[in-house]
Amino acid sequence: MHDIKFIRDNPKIFDKKMNIRNADISSENILKIDKKNRELISNLQIFQEERNLLSKQIGILIKDGKDATKVQESVKKLKDQISLADEKIKESENKLRDILINLPNILDDDVPTGVNENDNKVIRSWGKKPKFSFVPKDHVDLTTNDKLNFELGAKISGSRFVVIKNDLALLERALINFMLDINTIKFKREEISPPYIVNSKSLFGTGQLPKFKDDLFETDQDKWLIPTSEVPLTNIVRDEILNDFDLPLNFVAYSPCFRSEAGAAGKDTRGMIRQHQFSKIEMVSIVHPKDSDSKLEEMTNHAEHILIELNLPYRVMLLCSGDTGFSSKKTYDIEVWLPGQNSGLGQYREISSCSNCGDFQSRRMNARFRDKENKLLNFLHTLNGSCLAVGRTMIAIIENYQDQHGDIIIPEVLRPYMQNKQKINFK
RNA sequence: GGAGAGGUGGCCGAGUGGUUUAAGGCGCACGCCUGGAAAGUGUGUAGGGGUGAAAGCCUCUCGAGGGUUCGAAUCCCUCUCUCUCCGCCA
């Protein structure tokens with residue numbers, strides 16, 4: 001959410017930034033409402049002040065045993081004016097709020113302008129794409145022996161669900177433990193086991209609501225399935241005032257993630273790439289504003305580190321303006337090489353997304369810290385990133401580590417987590 | 001699910017309609033006292049908003065939202081969270 005004071009002071013910059021994001025808004029419109037809003041507030045407060053003074057007088061008069069009916073009559077008249085002014089303000093404030101809560105974050109200056117993912121910028125690449133003496137299969141063709149069972153998922157739950165069995169279930173569990181261990185032991189993140197169901201306040205805080213309601217699974221009574229554990233992790237600091245010396249907070253969590261994929265009908269229908277439910281290890285950092293830029297680099301490096309350990313080729317993309325998420329001011333996607341995609345020609349697919357949300361979420365959450373130097377309150381900066389998406393990491397391992405027999409060589413770093421097995425056989 | 005008790009400042013806690021303009025204590029900050037410290041003592045100590053160059057002035061907030069009233073922490077309604085007991089349960 002945007003600071004109305006910023007818009008007041010920098011209307012031209014604001015317009016330019018919103019224009020880059022194709023947001024249909026002008027500061028002129030916003031400031032008009034804001035001005036009217038403030039007039040109404042001043043007006044109301046004059047009435048309130050008078051009411052308070054007169055009411056106090058009534059109290060004194062009654063105490064002294066004097067007649068107060070005359071004063072009471074005049075305050076009664078004020079009452080109507082107050083409630084009328086109150087209504088007007090609510091209307092005007094809601095109008096302003098409706099606009100502000102639906103506007104995306106202001107992008108960093110180094111975010112390239114562009115329309116869609118084709119305009120994203122390659123920052124760096126790592127790893128050697130594996131060379132096969134045969135046409136590599138994708139994960140669906142490799143796992144036809146029931147270990148990845150989409151028919152069963154469809155029967156039990158519906159489309160975009162999968163039942164993972166046997167060694168692959170073990171692989172998923174191994175990856176979760178492996179990634180959590182690196183995050184906690186090596187990167188010193190605090191492990192959190194969060195709720196997988198959250199209320200709408202939390203979803204508003206991180207920016208999924210109200211605009212992206214359709215992407216979520218709603219249960220009842222204001223309870224929603226999390227689309228990512230970014231939501232519960234970031235909302236840990238909602239409505240809190242932290243001390244600057246307690247910063248940064250670095251969290252990591254495993255959770256399943258639930259997405260309705262409403263806007264993705266017909267997209268990635270094959271295989272496990274896009275499911276309604278998937279596992280993810282998520283990093284969230286809560287930092288002093290001066291540290292958020294460097295923290296984004298660090299988090300991206302941490303996500304890359306997992307891929308390096310697993311020896312999976314990847315590239316880091318800086319998302320362009322058209323592809324950057326609503327709450328983010330700058331996002332790096334990490335794309336892993338999937339050799340079985342595109343009929344064996346291979347394809348890069350997103351496996352992590354690391355975002356610096358600046359103070360955008362913390363304004364929505366009212367998450368602040370006290371600066372010891374000047375004792376002032378200020379909004380925190382929040383960041384989130386996958387480290388990594390477990391389902392897609394499984395795909396990457398299956399496709400990159402396949403051999404001529406259609407079996408999977410288990411990456412060495414995972415073997416201690418997999419009863420020291422060397423291979424997953426699909427025959 | 002049933003019954004009951006609660007939610008007041010960073011924390012504890014007083015407050016059942018009118019100078020509450022939220023007592024008192026703890027904690028914290030700064031000062032005095034002291035050779036230094038403890039003790040003692042004094043002052044200060046929430047957030048949002050409006051206005052203003054600033055100092056300041058005003059306004060809203062006692063879990064949340066409504067209502068009654070000239071006036072609500074206090075009375076009424078709805079919701080929410082916490083605790084205790086019972087039931088069920090991993």
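To find a chain, count down the sequence lines: A is the first, B the second, and so on, and within it residues start at 1. Quick caveat, the model's predicted, so the values are computed rather than measured.
- Between the side chain of A/Arg160 and the main chain of A/His276, no donor-acceptor pair closer than 3.5 Å is present.
- The nearest pair of heavy atoms linking A/Ala264 to A/Arg274 is CB-CD, 3.8 Å.
- Summarising the base pairing, B/rG36 is matched to no nucleotide, lacking a Watson-Crick or G-U wobble pair whose two defining distances lie under 3.5 Å.
- Rounded to whole Å, the distance from CD1 on A/Ile89 to C1' on B/rG48 is 14 Å.
- Ring-plane geometry between A/Phe178 and A/Tyr417 is classed as perpendicular, the angle between the planes exceeding 60 degrees on a 0 to 90 degree scale with a lower cut at 30.
- Nucleotide B/rA14 forms a pair with no other nucleotide shown, judged by Watson-Crick or G-U wobble geometry with both contacts under 3.5 Å.
- Distance check on atom C1': B/rG7 versus B/rA64 gives 11 Å, rounded to whole Å.
- Among the nucleotides B/rG18, B/rC58, B/rG66, the one closest to the side chain of A/Ser55 is B/rG18.
- Across every strand in view, B/rC89 sits unpaired, with no contact that passes the Watson-Crick or G-U test at under 3.5 angstrom.
- Residue whose closest nucleotide on RNA chain B sits further toward the 5' end, between A/Leu377 and A/Gln72: A/Leu377.
- Protein atom CZ of A/Phe47 is 19 Å distant from nucleotide atom P of B/rC58, rounded to whole Å.
- Here the P atom of nucleotide B/rU68 and the CD1 atom of A/Ile82 are 14 Å apart, to the nearest Å.
- The separation of B/rU68 from B/rU78, taken at their C1' atoms, amounts to 15 Å, rounded to a whole angstrom.
- The base of B/rG49 sits with one of its N or O atoms less than 3.5 Å from a complementary donor or acceptor on the side chain of A/Gln45.
- Under the Watson-Crick or G-U wobble criterion, with both distances below 3.5 Å, B/rU68 is left unpaired in every strand shown.
- A gap of 24 Å separates the P atoms of B/rG6 and B/rG10, to the nearest Å.
- Residues from residues 32-41 of chain A placing a heavy atom under 4.0 Å of any atom in RNA chain B, listed by number, are A/Arg38, A/Ile41.
- The 5' end of RNA chain B is approached more closely, in terms of each residue's nearest nucleotide, by A/Lys5 than by the other of A/Glu50 and A/Lys5.
- Across all strands, A/Asn52 comes closer than 4.0 Å only to sugar-phosphate atoms, never to a base (heavy-atom distances).
- On the P atoms, B/rU16 is 11 Å away from B/rU74, given to the nearest whole Å.
- Contact between the side-chain N/O atoms of A/Lys90 and the OP1/OP2 oxygens of B/rG66 is found at a separation under 4.0 Å.
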Going through the distances and angles, do A/Lys213 and A/Leu203 end up as a side-chain contact (heavy atoms from CB on, under 4.5 Å)? CA-CA 9 Å; A/Lys213 183 178 188 288; A/Leu203 286 159; over 6 Å; no
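- For the C1' atom pair drawn from B/rG2 and B/rG9, the interatomic distance equals 36 Å after rounding to whole Å.
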Might you work through the salt bridge (Lys or Arg N to Asp or Glu O under 4.0 Å) test for A/Asp141 and A/Arg270, ending with a clear yes or no? CA-CA 10 Å; A/Asp141 286 340; A/Arg270 180 180 169 83; 3.0 Å; yes
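- In this structure, the CD1 atom of A/Ile241 is 15 Å from the C1' atom of B/rC11, given to the nearest Å.
- Here the nucleotide nearest the side chain of A/Lys56, chosen from B/rG48, B/rU21, B/rC70, is B/rU21.
- Checked by atom type and distance alone, the side chain of A/Asp138 pairs as donor or acceptor with a backbone atom of A/Val140 at under 3.5 Å.
- B/rA53 makes up no base pair with any nucleotide shown, lacking Watson-Crick or G-U wobble contacts both under 3.5 Å.
- Nucleotides B/rU59 and B/rU21 are separated by 14 Å at their C1' atoms, to the nearest Å.
- In this structure, CD1 of A/Ile4 is placed 14 Å from C1' of B/rG50, rounded to the nearest angstrom.
- The side chain of A/Arg368 sits closest to B/rG48 out of B/rG48, B/rC70, B/rG66.
- Annotation for A/Cys320 and A/Asn116: closest pair SG-O, 3.2 Å, computed over non-hydrogen atoms.
- Cation-pi geometry between A/Lys329 and A/Phe360 is not met: the NZ or CZ atom fails to fall both under 6.0 Å from the ring centre and inside 45° of the normal.
- Set against B/rC60, B/rC70, B/rG66, the side chain of A/Arg51 has B/rC60 as its closest nucleotide.
- Here B/rU69 presents its P atom at 8 Å from NZ of A/Lys76, a figure rounded to the nearest Å.
- With both ends at atom P, the span from B/rC79 to B/rG4 equals 15 Å, rounded to whole Å.
- B/rG31 is paired with B/rU41 under the Watson-Crick or G-U wobble criterion, all donor-acceptor distances under 3.5 Å.
- When rounded to the nearest whole Å, the span between CD of A/Glu49 and C1' of B/rU21 equals 14 Å.
- As the counterpart of B/rU84, B/rA3 is assigned, both hydrogen-bonding distances of the Watson-Crick or G-U wobble pattern falling under 3.5 Å.
- Remark: the separation of the C1' atoms in B/rU20 and B/rA29 is 26 Å, to the nearest Å.
- Nearest approach of A/Cys387 to A/His302, heavy atoms of both residues: SG-O, 3.8 Å.
- A/Leu78 comes within 4.0 angstrom of nothing in the nucleic acid, heavy atoms only.
- Between the side chain of A/Ser327 and the backbone N or O of A/Thr206, at least one donor-acceptor pair lies under 3.5 Å.
- Following rounding to the nearest Å, A/Arg370 (CZ) and B/rA29 (P) show an atom-to-atom distance of 14 Å.
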